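Scroll down for the structure; my scribbles are underneath it.
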Amino acid sequence: MVNSTRNRLMIPGPVEVHPAVLEALSGPVEPHYGPAWVEKYSRITGLLKQVFNTQHDVFLIAGSGTSAIDACMGSSMMTGEKIIIGNNGFFGDRLVSIAKSYGLLVVEVKAPWGEALDPTAISDALKAHPDTIVVAVVHSETSTTILNPIEAIGKVVRESDALFLVDAVSSLGGVPMDVDGWGIDLCPSASQKCLGATPGLAPVSISPKAWKMIDRFEEKAHGWYTNLQVWREYAHEWGDWHPTPVTMPVSIANGLLVSLEQLLTEGIDTRMRRYKALALQLRAGLREAGMQPFTPDEAMNPVLTAAYPPDGIDSAKVVDYLLKEHHIQISSGLGALKPKIFRIGHMSPVITDNDMDTLVSALKKFK
Ligand SMILES: Cc1ncc(COP(=O)(O)O)c(C=O)c1O
């Protein structure tokens with residue numbers, strides 16, 4: 001039997017979505033071609049361009065965030081080519097795994113889990129490896145909540161010929177992003193986190209410099225489904241009736257359109273200020289509950305907070321307690337941090353200061 005108790009989702013994605021998004025999902029199934037869909041698809045990609053802050057191409061890939069990361073790496077590089085990966089967490093490790101699956105030569109620039117990547121170390125790696133094709137980093141390292149300094153890393157990458165790939169799966173829509181201003185060439189993301197929709201769609205932005213790199217091959221680099229050249233071919237040649245190469249999850253796209261319209265109506269800056277205020281409220285509450293935030297306030301992530309449980313307690317106990325006694329779902333850490341920290345996602349537009357109050361008063365009662 002299905003458990004009818006409704007848990008409040010405060011994990012690092014997927015997120016609680018607005019009722020209007022759920023309503024949009026439940027309409028009749030629509031075709032992924034024809035004038036109505038073409039108009040809707042271009043409205044969605046147009047709104048996404050405002051969120052990415054780009055004038056360049058944006059596609060919506062049918063898949064989770066990883067499908068877009070896969071597409072960016074596999075389309076821009078041939079097996080045996082070199083990629084520098086800034087790695088300071090679980091999703092940095094994931095970038096390394098994807099690169100290795102394509103047979104790329106990986107140069108890792110590491111920082112400890114819980115610390116930000118150092119742009120100077122990336123610059124040194126680029127000098128030592130001038131044949132690098134792509135520099136890839138995670139924006140918001142969801143495993144530790146660390147935000148990497150994308151603008152500063154973009155500056156050093158721009159001094160080279162390499163492309164800059166930024167995994168914005170858990171940041172786009174909740175953390176400031178300036179794809180064109182920061183020189184980001186490939187920016188994969190996902191519908192189910194700060195964009196406030198349900199899982200299943202992966203927006204990606206592609207710069208003219210990235211297209212040049214992608215088009216240097218006589219033949220297509222890797223794959224078909226996740227090959228960006230194929231997505232461009234359909235956008236250009238079939239754009240007036242069938243703008244994508246595959247059947248799209250149109251219902252999910254209907255939900256995404258609503259959540260994007262809500263974001264743009266609220267205003268990206270206003271939304272981000274609201275998230276920051278919630279993060280500060282949570283940090284103050286955690287301290288009152290005797291549970292210290294994992295990062296100092298100066299390094300806080302506005303959409304995701306990690307904290308230490310009371311001394312000697314495994315974080316799973318806090319996670320279980322909140323779920324069983326208060327129907328609030330949060331997450332433990334990942335990797336070596338699994339028992340040491342718990343993570344609270346507040347990257348949903350429907351999470352309010354009341355949610356934070358409820359969560360904090362529950363944490364204060366934890367024994
Ligand atoms: C930073 C980051 N990158 C990649 C992923 C993988 O995304 P998906 O599960 O949508 O494929 C996640 C998921 O949590 C993430 O947080």
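First listed ligand is number 1; within each ligand, the first listed atom is number 1. Note that the structure is a prediction, hence the values are computed from the model and not measured. What's counted below: heavy atoms across the whole structure, side chains too, no hydrogens, waters or symmetry copies.
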Side-chain donor-acceptor contact under 3.5 Å, Asp353 with Gln281: no

Protein heavy atom at shortest distance from atom 12 (C) of ligand 1: Phe91 CE2, 3.2 Å

Test item: Gln229 and Asp215 side chains (from C-beta on) under 4.5 Å apart, heavy atoms: yes

Polar side chain donor-acceptor pair, Asp180 to Asn53, under 3.5 angstrom: no

Residue portion contacting ligand 1 (non-hydrogen atoms closer than 4.0 Å) for Glu141: neither

Numbering as shown, the atoms of ligand 1 that approach Ser140 to under 4.0 Å (heavy-atom distance): 1 (C)

Rounded distance [0.5 Å steps], CG in Asn301 versus CD1 in Ile146: 8.5 Å

hydrophobic_cluster_shared for Val38 and Val246, side chain cutoff 4.5 Å: no

Residue Lys193 vicinity, atoms of ligand 1 by number, heavy atom under 4.0 Å: 13 (C), 14 (O), 16 (O)

Enumerated ligand 1 atoms positioned under 4.0 Å from heavy atoms of Val138: 1 (C)

Atoms of ligand 1, numbered as shown, that sit under 4.0 Å from any heavy atom of Gly65: 8 (P), 10 (O), 11 (O)

Closest to atom 11 (O) of ligand 1 among Thr142, Thr66, Ile11 (heavy-atom distance): Thr66

Part of Pro199 within contact of ligand 1 (heavy atoms, under 4.0 Å): neither

Test of proximity, Ala190 against ligand 1: N or O pairs below 3.5 Å: no

Separation between NE2 of His326 and OG of Ser361, rounded to the nearest 0.5 Å: 7.5 Å

Least distance between heavy atoms, Ile69 atom then Ile98 atom: CG2-CD1, 3.7 Å

Side-chain donor-acceptor pair present, Trp211, Asp57, cut-off under 3.5 Å: yes

Sub-4.0 Å atoms of ligand 1 with respect to non-hydrogen atoms of Ser64: 8 (P), 10 (O), 11 (O)

Atom 3 (N) of ligand 1: nearest protein contact (heavy atom, Å): Asp167 OD2, 2.6 Å

